[in-house]
There are 4 protein chains.
Amino acid sequence: MSTKRDDKDERKKEFIFAAMLEVAQKGLNNVTIDHIAVSAGIGKGTVYEYFSSKEEIFGAAMAEFMGQIEAIQARKLFRATTPPEKLKAILDSWVEVSETLGYEFMKLTIDIWAEGIRQGNPELSEVMNIKQVYYEYREIVSAIINDGINGGIFNAVDTKTVAGIFLATVDGLLIQWLIDRESMDIRKTADMLFQTVMQGISIK
Amino acid sequence: MSTKRDDKDERKKEFIFAAMLEVAQKGLNNVTIDHIAVSAGIGKGTVYEYFSSKEEIFGAAMAEFMGQIEAIQARKLFRATTPPEKLKAILDSWVEVSETLGYEFMKLTIDIWAEGIRQGNPELSEVMNIKQVYYEYREIVSAIINDGINGGIFNAVDTKTVAGIFLATVDGLLIQWLIDRESMDIRKTADMLFQTVMQGISIK
Amino acid sequence: MSTKRDDKDERKKEFIFAAMLEVAQKGLNNVTIDHIAVSAGIGKGTVYEYFSSKEEIFGAAMAEFMGQIEAIQARKLFRATTPPEKLKAILDSWVEVSETLGYEFMKLTIDIWAEGIRQGNPELSEVMNIKQVYYEYREIVSAIINDGINGGIFNAVDTKTVAGIFLATVDGLLIQWLIDRESMDIRKTADMLFQTVMQGISIK
Amino acid sequence: MSTKRDDKDERKKEFIFAAMLEVAQKGLNNVTIDHIAVSAGIGKGTVYEYFSSKEEIFGAAMAEFMGQIEAIQARKLFRATTPPEKLKAILDSWVEVSETLGYEFMKLTIDIWAEGIRQGNPELSEVMNIKQVYYEYREIVSAIINDGINGGIFNAVDTKTVAGIFLATVDGLLIQWLIDRESMDIRKTADMLFQTVMQGISIK
DNA sequence: CATGAATGAGTCTTCATTCAT
DNA sequence: GATGAATGAAGACTCATTCAT
């Protein structure tokens, strides 16, 4: 049985999806409340029943986007045990994220980067500090590489720097795909990237 | 002797620089013609003596930005002879671009990506097709790798894919730097990145 | 025993009180139906069970306010017998009104004046014609003064004009008090005002 | 010869007049920028060339209104020498203000009172603190009465209270006139008011 | 030529009113 | 009968663009 509370949450969720799609397609600054409302099938005024400002909508949309990504990644990482498997899992999780969420949604990434770099939006900075997110990613990857070194499978590289490189390649791949997805096979490229990095840091 | 034509060009150039800086700092959509005009030291109305629309201004600003990058890169690449040297030169050229143009200007990159991905702007698409730019880059790197394979220094890898990886690492590095330049040494990271990739594709 | 009808009237009354207070505090145009409903403890939609529009609410609130004032005045005037006593009673009744209803409620007066002057609101004009109210007040005071003249205690003044003056002093006192109640003792001022006016019109 | 500066000031002034009239007629809260712009014969956007917000417009309009009143009063008071003359001058100055500015403009007074009582508008509080204005008026009248007492023409009354009464009657008269100007002769009433007060406080 | 004053289309946001439950 | 979710008309404000000087 559905309660009113559930209904409201449901509608809010639907609206957030509409917002995500609109923002992904047109960019954070080219989207109007009106557009989103129409695409969500509700009246303009109704938007303000769920959110108190445009900024709040965007915050919610981005948080939802990040949340979905994290959920997919958590599933992937769960099964990985050895350091190489874990690194592969991180890489693959992004491939899966792209495939699961789809190209149209993934375009949101560019706005997330733009916000992270510009930081002009307090509302967004609040729900999601990109610097912090990147820092945490780097820590996780660093720890995995360190485990590999201690386990005698990776060379004694500078873990922080290598972690940075690893994550950079992931982002770089994403950009390439976003700009021109026809001209690349993301899965094949990711596999080769993994081999390359492994060869670069593994003990022969 | 300076002609009127020169004066006009000079003014236009100064305005484009002002536009570049404003856009880089605030983002394409948060910049007003008025702001740029003031910061360029001319009247708002005068802007329309040089450009016929806001879009055209941004097109010119981005073209100028890309042109500066190309100029720096051309100097670097000129001296490189062997395939590894050439790849290193491409990577280093980006480090030098970052250092030469500086953080504030480099933020323009995010808008270039956004435009490239969104392609909602016909005016910009006309002066600068990012897909095309990436395609050409990939061709150049592919050719270099191919030379390396033919010369017996690189393994017989899938050149297009490896070229994509190589360029992805460059972009990825740039993003990391743009998001949090304090927490990374771009030159050191680039060096290690190069070593890693080389180990991955070089014949032992 | 309370009937349904009584309950409804009760609710309506409570709502009107809430409306009075809200309007008095924030002003006619800065009050929302929602605010009043919340402060009255009922749902926004329920308001329209009792009133058909915002204007009607304000009409009812103002009528209620005027009614309360009249009730207080009627009690006062009831005991007065001689013309001077009657005039004093009118003056005192306003002091008592201020003290009984309190500052927060009395601020409604400014909106009543504003409406009376502007008369842009047909709904309000209908339930309460301020011109008419003032006209009647003037008639009453005129009659009292006339009685005094006929009784040989007041000079043969222009009764209508003096009545106007008398009422003007009452309003003026109220304004002073509304604007800056800390810097005046309304009772003391009223007493002195009465003496002054009496000296002005009484036969020595 | 008119300079640009003069032209701009001129236009601004004209706009302020239009704003004053609109506000006086419809009330502070029922006036839209659009209305004022149309009535001033300029475009909506142009308004923001002269003022940065609606509040600023109202602040300017009220300051202008108060300024005009002060100018008229200053002229009147200039010639008065004895205390009774001075009090008469103050009273007459208000009559002249009403006649000079006219009924339509004088309605602004009600909004000034409302603002003074509600004080919800920081922009307006800044340009004109009504409490302060009333305080100063009271000081001036007090001093005049005190002079009269010292000069042996007025009884030893409580000057502050009498000053309050005097000013209250002025305001009260204004309200009566604003609410129903047909039913009173403001000049005749003011004259009688003055006689009454004089009889009340003058030594026989 | 250069300018900035003028403009109105476009955007966010509020809120009285309606209506399905 | 009571409710609050939904709505769109209305209003403040921004800014690219035009144009008279």
Side-chain angles (χ1 to χ4, degrees), chain A residues 2 4-5 7-8 11-12 15 29-38 40-58, chain B residues 4 7-8 11 15 29-38 41-58, chain C residues 4-5 7-8 11 15 29-38 41-58, chain D residues 4-5 7-8 11-12 15 29-38 40-58:
Chain A
S2 87
K4 277 197 175 175
R5 175 65 199 231
D7 273 10
K8 187 149 189 177
R11 263 183 173 276
K12 186 166 181 172
F15 179 79
N29 292 283
N30 302 312
V31 163
T32 69
I33 295 282
D34 240 351
H35 284 342
I36 307 180
V38 167
I42 62 175
K44 184 186 6 172
T46 311
V47 173
Y48 288 86
E49 290 287 320
Y50 300 99
F51 303 92
S52 63
S53 74
K54 205 185 176 190
E55 306 236 307
E56 201 182 299
I57 295 168
F58 293 155
Chain B
K4 278 196 173 176
D7 272 9
K8 185 152 186 175
R11 282 246 202 189
F15 180 78
N29 297 101
N30 303 311
V31 160
T32 67
I33 298 278
D34 207 14
H35 273 13
I36 307 178
V38 166
I42 63 173
K44 192 195 341 183
T46 314
V47 173
Y48 287 84
E49 293 286 323
Y50 303 104
F51 303 93
S52 63
S53 75
K54 204 186 178 191
E55 310 245 298
E56 199 182 302
I57 294 166
F58 293 150
Chain C
K4 278 197 174 177
R5 177 65 199 226
D7 272 9
K8 183 151 186 176
R11 285 245 201 187
F15 180 78
N29 297 101
N30 303 312
V31 161
T32 67
I33 298 279
D34 207 14
H35 272 13
I36 306 178
V38 166
I42 64 172
K44 192 194 339 182
T46 313
V47 173
Y48 287 84
E49 294 287 322
Y50 302 105
F51 303 93
S52 63
S53 75
K54 204 186 178 189
E55 310 245 297
E56 201 183 300
I57 295 167
F58 293 149
Chain D
K4 278 197 173 172
R5 177 64 200 232
D7 273 10
K8 186 149 190 177
R11 263 183 173 275
K12 186 165 179 169
F15 179 79
N29 292 283
N30 302 311
V31 162
T32 69
I33 296 285
D34 239 351
H35 283 343
I36 307 179
V38 167
I42 62 175
K44 180 189 9 170
T46 312
V47 173
Y48 289 86
E49 291 287 320
Y50 300 99
F51 302 92
S52 62
S53 73
K54 206 185 175 189
E55 307 236 304
E56 201 182 300
I57 295 166
F58 294 154

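Lettering of chains follows the sequences in order, A, B, ..., and the numbering in each one begins at 1.
Rounded to whole angstrom, the span from the CG atom of A:N29 across to the P atom of F:dC15 amounts to 12 Å. Regarding B:F58, its CZ atom lies at a distance of 10 Å from the P atom of F:dT17, rounded to whole Å. Rounded to an integer number of Å, the gap from C:D34 CG to F:dT7 C1' is 15 Å. Atom NE2 of C:H35 is separated from atom C1' of E:dT14 by 11 Å (rounded to the nearest Å). One can place CD1 of A:I57 at 8 Å from P of E:dT13, the figure rounded to the nearest angstrom. D:N30 has its CG atom 13 Å from the P atom of E:dA16, to the nearest Å. Taking atom CD1 of B:I36 as the reference point, atom C1' of F:dT17 lies 14 Å away to the nearest angstrom. Put simply, OH on D:Y50 is 7 Å from P on E:dA5, counting in whole angstrom units.
Residue-to-nucleotide proximity on DNA chain F shows that, of B:I33 and A:G41, the 5′-proximal contact is made by A:G41. The residue among B:G45 and D:S52 whose nearest nucleotide of DNA chain F is located toward the 5' end is D:S52. Positionally, the nearest nucleotide of DNA chain E for D:I42 lies more toward the 5' end than for the other of D:I42 and A:T32. Both A:K54 and D:E49 sit near DNA chain E, but only D:E49 has its closest nucleotide nearer the 5' end.
For A:S53, the side-chain atoms get nearest to E:dT13 when compared with the rest of E:dC15, F:dA12, E:dT13.
Counting any heavy atom pair closer than 4.0 Å across all strands shown, B:G43 reaches sugar-phosphate atoms only and no base atom. If you check every strand for non-hydrogen atoms under 4.0 Å, B:V31 touches sugar and phosphate atoms only.
Phosphate proximity of E:dA6 to D:R11: present, with a side-chain N or O under 4.0 Å from OP1 or OP2. Considering only side-chain N and O atoms, B:Y48 lies nowhere under 4.0 angstrom from the phosphate OP1 or OP2 of E:dA2. D:T46 has a side-chain polar atom (N or O) that falls below the 4.0 Å cut-off from OP1 or OP2 of E:dT7.
For the pair B:V47 and B:I36, the minimum side-chain heavy-atom distance is 4.5 Å or more.
Residues D:F15 and D:A40 share a closest heavy-atom pair of CD1-CB, 3.7 Å. Closest of all the heavy-atom pairs between C:R11 and C:Y50 is CB-OH, 3.3 Å.
With hydrogens and angles left out, the side chain of D:K44 and the base of E:dG10 share a donor-acceptor pair within 3.5 Å.
Secondary-structure stems of DNA chain F, taken as three or more successive Watson-Crick or G-U wobble pairs (i with j, i+1 with j-1) under a 3.5 Å distance threshold, comprise E:2-21 with F:2-21.
Taking B:T32 as the reference, B:D34, B:H35 meet the side-chain contact (heavy atoms from CB on, under 4.5 Å) condition, with sequence neighbours excluded. Applying the side-chain contact (heavy atoms from CB on, under 4.5 Å) criterion to C:E49, with sequence neighbours excluded, gives C:T46. Take A:Y48 and apply the side-chain contact (heavy atoms from CB on, under 4.5 Å) test, not counting sequence neighbours, and it matches A:I33. Considering only residues two or more places apart in sequence or on other chains, A:S53 meets the side chain to side chain donor-acceptor pair (under 3.5 Å) condition with none of them. Partners of B:N29 under the side chain to side chain donor-acceptor pair (under 3.5 Å) rule, at least two apart in sequence or in another chain, are A:N30.
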